[in-house]
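Here is the structure we will look at, set down as structure tokens.
Residue numbers begin at 1 in each chain, while the letters A, B, ... track the order of the sequences.
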Amino acid sequence: MNIMPTIEGNGDKRKRTVSFKAKEMEVDVTAYKDLGLAEATAVQNRLREKLDLSPLQRPVRVIAGADISLDLYSEVVYAGIVLLNYNDLQPFAYSLVKGRTSFPYVPGFLAFREIPAILEAFHQLPVKPDLIMFDGNGILHARRMGIASHFGVLTQTVTMGCAKKKLAGKFAEPGANKGDYSPVIDKNETIGYALRSKNNVKPIFISPGNAMSLTDSLAITMRCLGKYRLPEPTRQAHEFVNRFRTGALSEGYHEMVQMRLF
DNA sequence: GCGACAG
DNA sequence: ATCTTGTCGC
């Protein structure tokens, strides 16, 4: 039985509700703020049954980066998804949404804090990306349900995670050069990779979220590396939501004018 | 009990 | 996550 996403509009997009039903399961992101950790864990365990880690089925033409920005001690969240051409990694559109979160930051439960707002930004996109890279983990998680996997299963989309710090598992320090990597292992299972994204910098942690494999996540990330430690999708997303929070950008969906020097 | 602990 | 300048090292 497949998860059927149900989108209930109300004329007011800020009240839009998204719920998922699979077997006897139903998950409503608008209720995340009221969940306790035991309930949240139960949600993760049930979503995990729907995880798809098979190889990518479609070529990636449009890749996206998703992230949120916050003021310290504030419950206001500035969420955003940036769309980039996979070919040249240039951003060409972005969706920004200002929301609120009451779910606290608890390692292992980041999804319950950030997904509601990111989902709004996702709904605001007129055209969906082929893959979304999150600032966080995919299956590199104690219960294999990091924010990227959580969002992927919920929306039935292709997602992956790219974190700046290790959340779970063990790994041997990868080589010191860009491109060097080593597997992150937990309970005798490879759940991601520690990747040296740039010479002499701390490694970043890569893992598939949903609808793609461990190998895919590594290849995609390598292809997105530039002159910075973070891959372009995530780096750009962080830049956009930060400019949004500081007032340089406005809420909504925006397309960027592409000026080319042929 | 102790250490680890995405953003 | 966010607050911040200079500074050390590849």
Exercise for the section: Output yes when E173(A) and R196(A) qualify as a salt bridge under the 4.0 Å nitrogen-oxygen rule, no when they do not. Expected result: yes
Exercise for the section: Could you tell me whether S69(A) contacts a base, only the sugar-phosphate backbone, or nothing, with contacts defined as non-hydrogen atoms closer than 4.0 Å? Expected result: sugar-phosphate
Practice task
Check the angle between the aromatic planes of F205(A) and F171(A) and answer parallel, tilted or perpendicular using the 30° and 60° thresholds.
Solution key: perpendicular
Give me the distances for all protein-to-nucleotides 5-7 of chain B N/O pairs that come in under 3.5 Å?
| unit_1 | atom_1 | unit_2 | atom_2 | d |
| --- | --- | --- | --- | --- |
| dA6(B) | OP2 | Y105(A) | OH | 2.6 |
| dA6(B) | O4' | N137(A) | ND2 | 3.4 |
| dA6(B) | N7 | G108(A) | N | 2.8 |
| dA6(B) | N6 | G108(A) | O | 3.2 |
| dA6(B) | N6 | F109(A) | N | 3.2 |
| dA6(B) | N6 | L110(A) | N | 3.1 |
| dA6(B) | N1 | I147(A) | N | 3.1 |
| dA6(B) | N3 | N137(A) | N | 3.1 |
| dA6(B) | N3 | N137(A) | ND2 | 3.4 |
| dG7(B) | OP1 | K164(A) | N | 2.8 |
| dG7(B) | OP1 | K164(A) | NZ | 3.1 |
| dG7(B) | N7 | Y105(A) | OH | 3.3 |

Practice task
Determine the contact category for H150(A): base if any of its heavy atoms lies under 4.0 Å from a base atom, sugar-phosphate if only primed atoms, P, OP1 or OP2 are that close, otherwise nothing.
Solution key: nothing
Completion exercise
Within residues 208-221 of chain A, the residues having a heavy atom closer than 4.0 Å to DNA chain B are none
Fill in the blank from the handout: Output for pair (N177(A) CG, N200(A) CG), nearest 0.5 Å, gives 7.0 Å
Handout entry: Range-with-range stems for DNA chain C, at least three Watson-Crick or G-U pairs under 3.5 Å
Key = none
Practice task
Using chain A heavy atoms and a threshold of under 4.0 Å, write down where along DNA chain C the contacts begin and end, 5' to 3'.
Solution key: dA1(C) to dC10(C)
Practice task
Output the distance between atom CG (L70(A)) and atom CD (E75(A)), rounded to the nearest 0.5 Å.
Solution key: 10.0 Å
Exercise for the section: Look at the aromatic rings of F151(A) and F134(A) and report parallel, tilted or perpendicular, splitting at 30° and 60°. Expected result: tilted
Practice task
Determine whether L37(A) and F103(A) make a side-chain contact, defined as any pair of heavy atoms from C-beta on separated by less than 4.5 Å.
Solution key: yes
Handout entry: Which residue lies more 5' along DNA chain C, comparing L72(A) with N200(A) via nearest heavy atoms
Key = L72(A)
Handout entry: Minimum side-chain heavy-atom gap M133(A)-T221(A) below 4.5 Å
Key = yes
Exercise for the section: Identify whether any heavy atom of D186(A) sits under 4.0 Å from a base atom; if not, whether one sits that close to sugar-phosphate; answer base, sugar-phosphate or nothing. Expected result: nothing
Practice task
Count the heavy atoms belonging to other residues, nucleotides or ligands that lie under 6.0 Å from CZ of R143(A), then report whether that count exceeds 12.
Solution key: yes
Handout entry: S149(A) vs I139(A), side-chain contact (heavy atoms from CB on, under 4.5 Å): CA-CA, chis, key distance, verdict
Key = CA-CA 6 Å; S149(A) 295; I139(A) 63 171; 3.6 Å; yes
Practice task
Indicate yes or no: does D186(A) engage K170(A) in a salt bridge with an N to O separation below 4.0 Å.
Solution key: no
Practice task
Decide yes or no on side-chain hydrogen bond (donor to acceptor under 3.5 Å, both in side chains) for S69(A) and N242(A), but give the supporting numbers first.
Solution key: CA-CA 6 Å; S69(A) 182; N242(A) 217 29; 3.1 Å; yes
Handout entry: Nucleotide-level pairing of DNA chain B, given in dot-bracket where Watson-Crick and G-U pairs need both distances under 3.5 Å and | marks other strands
Key = .......
Fill in the blank from the handout: Applying ring pair (Phe, Tyr, Trp, His ring centres under 6.0 Å) to H150(A) and not counting sequence neighbours gives Y32(A), F112(A)
Problem - Side-chain heavy-atom pair V241(A), I68(A) within 4.5 angstrom cut-off - result: no
Exercise for the section: Using the six-membered ring wherever Trp is involved, compare the ring planes of F244(A) and Y78(A) and label them parallel, tilted or perpendicular (cut-offs 30° and 60°). Expected result: perpendicular
Problem - V60(A) and I220(A): CA distance, side-chain angles, deciding distance, side-chain contact (heavy atoms from CB on, under 4.5 Å) verdict - result: CA-CA 9 Å; V60(A) 178; I220(A) 294 290; 4.2 Å; yes
